[in-house]
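Remember, it's a predicted structure, so these values are computed and weren't measured experimentally.
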Amino acid sequence: MTVTSVPHPYFDRLIDLARAAGPVTVALAHPCDRHALEAALHAVRLGLITPILVGPRARIERAAAEADLDISALPLHDTEHSHASARRAVELVRDGSAAILMKGSLHTDELMGAVVAADTGLRTARRLSHCFVMDVPGRDEPLIITDAAVNIIPTLSDKVDIVQNAIDLAHILKFPEVRVAILAAVETVNAKMPSTIDAAALCKMADRGQITGALVDGPLAMDNAIDPEAAAIKDLVSPVAGRANILVAPDLEAGNMLAKSLSFMANAAAAGIVLGARVPLVLTSRADSLEARLASCAVAVLVAQSRLTGVKTLGL
């Protein structure tokens with residue numbers, strides 16, 4: 001499907017700010033195709049990242065030659081196969097050689113297996129979760145959608161970390177006000193719909209300080225989460241209803257379909273990042289545009305620099 005090219009000014013500003021903050025060293029796991037190498041080299045030219053290529057040397061060099069890409073200046077750690085690439089890339093993060101982990105052409109499960117390994121991975125006390133940072137035409141601010149790629153059927157406990165990860169990201173990206181909508185099919189609590197019960201519990205947890213840094217409301221349906229008129233028609237009096245800039249999906253399928261619907265039907269651009277590990281993770285797809293790959297790198301750079309410096313004043 002061909003998507004009409006439209007401007008994404010928020011992503012332009014995002015990349016400019018990351019260029020000013022970077023470059024940051026990235027362990028690029030198994031970049032054995034044109035897409036991964038091309039995006040990495042473009043990010044190098046923009047001053048976003050300094051990549052370390054990790055994978056089978058012969059395959060990487062063959063992919064570069066076939067695409068007429070010059071990778072001679074990039075360090076390369078030779079590995080036997082994709083699983084070894086994932087393990088070695090994680091080792092580079094653990095020993096401090098890299099501050100971002102980025103997926104190349106291996107399967108996501110292979111990389112995440114190395115990330116979550118009990119003794120050698122990158123897990124923290126926080127649950128890992130994925131955020132799409134979306135530049136949606138017609139909106140005057142970006143939109144974060146979570147979780148659309150990691151947690152398939154998250155529990156209430158998982159959702160606490162999913163929400164907090166997204167809030168923390170919004171603060172790093174300097175949202176002026178963080179407004180979280182916990183999505184469901186309806187805006188009322190219904191005992192037959194577990195997502196509405198989770199939403200109500202998350203809101204109460206925010207009231208009690210178990211989730212911090214944002215205004216949280218739910219359950220909210222998609223229309224009255226983002227459209228002020230829809231919220232007014234339903235008589236929803238809330239600082240979030242109609243004005244949400246973080247949308248928390250009830251499960252991965254809903255989040256994934258929401259994000260892709262915006263991308264392919266509303267010409268939105270999406271940058272993806274995984275949070276909750278020791279460092280930010282960039283999980284790119286071969287279907288991602290170059291713009292999306294660069295924006296994902298930019299988000300990761302800002303998150304990494306925030307952790308390295310402790311500064312959260314990156315104005316977007």
Are [X] and [Y] connected in the hydrophobic side-chain network, where two residues link if heavy atoms are under 4.5 Å apart?
| X | Y | answer |
| --- | --- | --- |
| L215 | I182 | no |
| L283 | L169 | no |
| I15 | L173 | no |
| L46 | L17 | no |
| L262 | M257 | no |

Residues R88, E91; criterion salt bridge (charged side-chain N to carboxylate O under 4.0 Å, His left out); working and verdict: CA-CA 5 Å; R88 181 59 183 142; E91 288 173 1; 3.0 Å; yes
Trace of the side-chain contact (heavy atoms from CB on, under 4.5 Å) decision for V216 with V248: CA-CA 10 Å; V216 182; V248 180; over 6 Å; no
Closest heavy-atom contact between [X] and [Y]?
| X | Y | value |
| --- | --- | --- |
| P154 | K159 | O-CE, 3.7 Å |
| V301 | L48 | CG2-O, 3.4 Å |
| A29 | L106 | O-CD2, 3.4 Å |
| V90 | A114 | CG2-CB, 3.8 Å |
| I246 | A166 | CD1-O, 3.6 Å |
| Y10 | D135 | N-OD2, 3.0 Å |

Gap between atom [atom2] of [Y] and atom [atom1] of [X] - 0.5 Å precision:
| X | Y | atom1 | atom2 | value |
| --- | --- | --- | --- | --- |
| E253 | I153 | CD | CD1 | 7.5 Å |
| L156 | I162 | CG | CD1 | 10.5 Å |
| S72 | E61 | OG | CD | 10.0 Å |
| L281 | L111 | CG | CG | 6.0 Å |
| C32 | R57 | SG | CZ | 12.0 Å |
| Q305 | I100 | CD | CD1 | 8.0 Å |

Heavy-atom distance under 4.5 Å between the side chains of [X] and [Y], does that happen here?
| X | Y | result |
| --- | --- | --- |
| V115 | L101 | yes |
| M112 | L128 | yes |
| D251 | I152 | no |
| T196 | T188 | no |
| V274 | K103 | no |
| I144 | N245 | no |
| P31 | I60 | yes |
| V299 | P280 | no |

Any donor-acceptor pair under 3.5 Å linking the side chain of [X] with the backbone of [Y]?
| X | Y | value |
| --- | --- | --- |
| E110 | S82 | no |
| N256 | A148 | yes |
| S296 | A292 | yes |
| R94 | G121 | yes |
| D217 | P239 | no |
| H171 | G213 | yes |
| T120 | A117 | no |
| N165 | R127 | yes |
| S105 | H30 | yes |
| T50 | P23 | no |

V26, L28, D78 screened by side-chain contact (heavy atoms from CB on, under 4.5 Å) with L53, the one that passes: L28
Steps toward side-chain contact (heavy atoms from CB on, under 4.5 Å) verdict (D161, S129): CA-CA 8 Å; D161 284 347; S129 65; over 6 Å; no
More than 12 non-hydrogen atoms from neighbouring residues, nucleotides or ligands closer than 6.0 Å to [atom1] on [X], yes or no?
| X | atom1 | value |
| --- | --- | --- |
| R45 | CZ | yes |
| D68 | CG | no |
| H81 | NE2 | yes |

Side chains of S195 and D198, donor plus acceptor under 3.5 Å: no
Any pair counted as salt bridge (Lys or Arg N to Asp or Glu O under 4.0 Å), so long as it reaches residues 267-280, sequence neighbours left out: none
Pairs involving residues 140-153, ordered by first then second residue, that meet salt bridge (Lys or Arg N to Asp or Glu O under 4.0 Å) (sequence neighbours left out): R139-E141, E141-R179
Salt bridge (charged side-chain N to carboxylate O under 4.0 Å, His left out) between R13 and D16, worked out: CA-CA 5 Å; R13 296 195 301 273; D16 286 343; over 6 Å; no
Whether H8 and F11 hold their rings parallel, tilted or perpendicular, with breakpoints at 30° and 60°: tilted
side-chain contact (heavy atoms from CB on, under 4.5 Å) partners for T284, two or more places apart: M102, V282, D288, R293
Residues in side-chain contact (heavy atoms from CB on, under 4.5 Å) contact with A241, at least two apart in sequence or another chain: L220, A231, L236, S238
Trace of the side-chain contact (heavy atoms from CB on, under 4.5 Å) decision for L252 with V150: CA-CA 7 Å; L252 182 147; V150 173; 5.6 Å; no
All ring-ring contact (aromatic ring centres under 6.0 Å, His included) counterparts of H130, not counting sequence neighbours: F132
Pairs involving residues 139-167, ordered by first then second residue, that meet ring-ring contact (aromatic ring centres under 6.0 Å, His included) (sequence neighbours left out): none
Audit row: T79, V54, side-chain contact (heavy atoms from CB on, under 4.5 Å) steps and yes/no: CA-CA 7 Å; T79 62; V54 184; 3.9 Å; yes
